[in-house]
2 protein chains.
Amino acid sequence: MSEPRWLDATQQRDWRAYIDGSVRLTEIIDRDLKTRHGLSVSEYEILVRLSEAPGRRLRMAELAANASQSRSRLSHTCARLESKGLVQRDNCPSDKRGVFCTLTPEGFATLERAARDHVETVREFFVDVIDPGDLAAVGRAFAAVLKRAEDS
Amino acid sequence: MSEPRWLDATQQRDWRAYIDGSVRLTEIIDRDLKTRHGLSVSEYEILVRLSEAPGRRLRMAELAANASQSRSRLSHTCARLESKGLVQRDNCPSDKRGVFCTLTPEGFATLERAARDHVETVREFFVDVIDPGDLAAVGRAFAAVLKRAEDS
DNA sequence: AGGGAATAGTTTAACTTTCAACCATGTTCG
DNA sequence: CGAACATGGTTGAAAGTTAAACTATTCCCT
């Protein structure tokens, strides 16, 4: 149990700024998506990842990885999305354990509508308020964080 | 309904990097705090804010604001923390509607222990993997985000 | 071939968060 | 004064998330 290396004043300030800012940002984006399109962020994320996949469909495990969700959570969320008609699940013929999750036309239409508002919110509260140089730095910073998290 | 101003490739990349990285980071920090100290991030946050307050106590509303939580959520979380003996609530004599939330000695001790590990995690997965210049930029960026969020 | 381990996904129960309703006190203003 | 409204906080039910157990299938190895 050695003495911890505390953050210096600057690191402390930057870390805290990130925490406070990102919590608020998440809140705003969350509320926007929910009130205007009835979607939670995790639901939105699932639709996005599906929309980017070939044939707009993915295996559950891959979708879980892309959307950074646990399998359990994905199962629950997909059940909800399926009951709303935005997504459809089918058995995979080649691997009988597997399940494909497909974005329905309604799901795609909902996503398109939501994305329009979403991008505006992201601009208004994130992209447009950050200096372009700083934004690039944010990109590099979190890419590094992700990399570190991945290979741990 | 005008055409939305979509993000350009660079903005898209940076935004996505932030989303993916921060989700993973949150996950890691969350798990660390929970498994090693039995605290959720929101509980930890409450203890931190209390520890910084004069007399280590705050009115519920102020605490809610500092910790970016809804009043309802704070009530529930404080009830849990209180039953763990980390926090104590007392009526405010001057405003009979009010309630003071105070960090107990056990609460402070728990926080101190948790903070030691927490700072290590924050270093390992955030501060130490980010270039110092980029870290400063992250600080500026999210300060701007917070400011924008506040006055909206 | 076939036993054991790994993988895919779902389910159940426990827990946490949100939402709306609620009670009590304080404030404002005709 | 006192009626209406605002503020501080809690509560209970509904919704969402997590953790662990479970089923089914596939992979690996001798």
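Being a predicted model, the structure only gives us computed values, none of them experimental.
In this structure, B/Gln69 places its CD atom 14 Å from P of C/dC19, rounding to the nearest Å.
Using five terminal pairs a side, the axes of the helix from C/dA1-D/dT30 to C/dG30-D/dC1 at its two ends make an angle of 20°, given in steps of 10 degrees.
With sequence neighbours excluded, the residues that form a ring-ring contact (aromatic ring centres under 6.0 Å, His included) with B/Tyr44 are B/His118. Judged as a side chain to side chain donor-acceptor pair (under 3.5 Å), and not counting sequence neighbours, A/Glu112 has no contacts. With sequence neighbours excluded, no residue satisfies salt bridge (Lys or Arg N to Asp or Glu O under 4.0 Å) with B/Glu106. Evaluation of the side chain to side chain donor-acceptor pair (under 3.5 Å) rule for B/Gln11 yields no partner, not counting sequence neighbours. For the side chain to side chain donor-acceptor pair (under 3.5 Å) test, residues two or more places apart in sequence or in another chain that qualify with B/Arg24 are A/Glu150. Residues forming a side chain to side chain donor-acceptor pair (under 3.5 Å) with B/Arg89 (at least two apart in sequence, or on another chain): B/Glu82. Residues forming a salt bridge (Lys or Arg N to Asp or Glu O under 4.0 Å) with A/Lys96 (at least two apart in sequence, or on another chain): none.
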* Structure fact -> Whether each nucleotide of nucleotides 1-14 of chain D has a protein heavy atom under 4.0 Å at its base (B), only at its sugar-phosphate (S) or at neither (-) is summarised, 5' to 3', as ------BBSBBB--

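The nearest pair of heavy atoms linking B/Gly55 to B/Thr102 is O-CG2, 4.3 Å.
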Side-chain donor-acceptor pairs under 3.5 Å in residues 119-146 of chain A, sequence neighbours left out?
unit_1   : atom_1 : unit_2   : atom_2 : d
A/Thr121 : OG1    : A/Asp32  : OD2    : 3.1
A/Thr121 : OG1    : A/Asp117 : O      : 3.1
A/Arg123 : NE     : B/Arg5   : O      : 2.8
A/Arg123 : NH1    : A/Asp128 : OD1    : 3.1
A/Arg123 : NH2    : B/Arg5   : O      : 3.4
A/Arg123 : NH2    : B/Trp6   : O      : 2.9
A/Glu124 : OE2    : B/Arg148 : NH2    : 2.9
A/Asp128 : OD2    : B/Arg5   : NH2    : 3.0
A/Asp131 : OD2    : A/Gly133 : N      : 2.9
A/Asp131 : OD2    : A/Asp134 : N      : 3.1
A/Asp134 : OD1    : B/Arg140 : NH2    : 2.7
A/Asp134 : OD2    : B/Arg140 : NE     : 2.9
A/Arg140 : NE     : B/Asp134 : OD2    : 2.9
A/Arg140 : NH2    : B/Asp134 : OD1    : 2.8

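Judged as a side-chain hydrogen bond (donor to acceptor under 3.5 Å, both in side chains), not a single pair has a partner in residues 56-70 of chain B (not counting sequence neighbours).
Residues of residues 19-44 of chain A having a heavy atom closer than 4.0 Å to DNA chain D, listed by number: A/Ser42.
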